[in-house]
Amino acid sequence: NISMGTCAHKDLTSGDSNVILGNYAGGALTTGTDNVILGCYAAKNSISLCGNILIGPETGACLCNGSHNIIMGQYAGRGSSTVSANTAGCNIALGQNALKLVSSGNQNVILGVNAAKAITTGERNVIIGQEAGAGATTIGDSVLIGYGAGAGCGGSAHTDTMSILIGRYAGKCVTSGTYNVAIGYEAMCGGAVTGEENVVIGKGAGQAITSVERNVLIGSSAGKSITA
């Protein structure tokens, strides 16, 4: 093991092949193997880690028993306040606050400042872009790409699954609607979407959709006034 920094790795009892640098980095770690932890307070409250790369101030600070994560950026993958609940594994998160509140979410790819910052248990998502999926909590098996795509609005949590939202603010206000496809600037972004199985393609298309289901809207502003 290689450790440098005030109280870095101070509680280690077993484990090997770790590189831990930074004040209080891995400070509570008791068992750890094959980890790279760089940054002040990175993995500070972690107990048992395996095969993680955690880089940045407070990155993975509350990740209790996670494994095989690659997380980089200030507060990225920090975890919930209940340290024992944080068992996330096999995630890639890059960007300040990316995947910040993750607890047991697995197999996510998150890129961007504040991207998926509220996800707790969501799994198998690809979320790319600043603020993309910022309000998502338990979202799963979805693809969100673009600034603010699926970000949520009005304080409503984004809990849908198996949706594809691509474009700036695409599907921004989707809440519980599932199996939706929205592609284009502000497509399906105006109302709190609970409808399912809609395909909306084009700038501003389906912008007012809320509870309607099984529609196909293609073209700039197509179905812009359709609500429920």
| request: Decide side chain to side chain contact (heavy atoms under 4.5 Å, CB included) for N198 and L217; before the verdict, give the C-alpha distance in whole Å, the side-chain angles of both, and the deciding distance to 0.1 Å. | output: CA-CA 8 Å; N198 295 290; L217 306 172; over 6 Å; no
| message | Run N86 and S80 through side chain to side chain donor-acceptor pair (under 3.5 Å) and show every step you take. | response | CA-CA 7 Å; N86 300 328; S80 72; 2.8 Å; yes
If only atom types and distance count, is the side chain of [X] paired as donor or acceptor with the main-chain N or O of [Y] below 3.5 Å?
X    : Y    : value
N114 : G112 : no
T59  : M72  : no
T31  : S48  : no
S142 : S163 : yes
T30  : I47  : yes
N18  : G32  : yes

| query | Which ring pair (Phe, Tyr, Trp, His ring centres under 6.0 Å) pairs, counting each pair once, include a residue from residues 40-85, with sequence neighbours left out? | reply |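 Output for this query lists Y24-Y41.
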Examine [X] and [Y] and state if one hydrophobic cluster contains both, with Ile, Leu, Val, Met, Phe, Trp and Tyr joined whenever side-chain heavy atoms are less than 4.5 Å apart.
X    : Y    : result
Y185 : I166 : no
L54  : I92  : no
I164 : V216 : yes

| task | Using side chain to side chain donor-acceptor pair (under 3.5 Å) as the criterion, point out the one residue from K203, Q207, K172 that pairs with E186. | result | Q207
I'd like to check [X] versus [Y] (side-chain heavy atoms, cut-off strictly below 4.5 Å). Are they in contact?
X    : Y    : value
E197 : E213 : no
T120 : T138 : yes
I110 : V102 : no
N1   : I20  : no

| With respect to I119, which candidate in I127, N91, T137 satisfies the side-chain contact (heavy atoms from CB on, under 4.5 Å) definition? | I127
| query | With I139, which of T121, N125, N108, T161 fulfils side-chain contact (heavy atoms from CB on, under 4.5 Å)? | reply | N125
| Partners of Y147 by side chain to side chain contact (heavy atoms under 4.5 Å, CB included), sequence neighbours excluded? |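 Once residues adjacent in sequence are excluded, the partners of Y147 under the side chain to side chain contact (heavy atoms under 4.5 Å, CB included) criterion are Q130, E131, R168, Y169.
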| said: To check you understand the geometry: which heavy-atom pair defines the closest contact between A43 and L49, and what is its length? | reply: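 For A43 and L49, the tightest heavy-atom pair comes out as CB-CD1, 4.0 Å.
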| Is there a donor in the side chain of Q96 and an acceptor in the side chain of Q74, or the other way round, less than 3.5 Å apart? |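 Distance-only check passes for Q96 and Q74.
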| Are T210 and T194 close enough, and set up right, to give a side chain to side chain contact (heavy atoms under 4.5 Å, CB included), and what steps lead you there? | CA-CA 6 Å; T210 55; T194 58; 5.5 Å; no
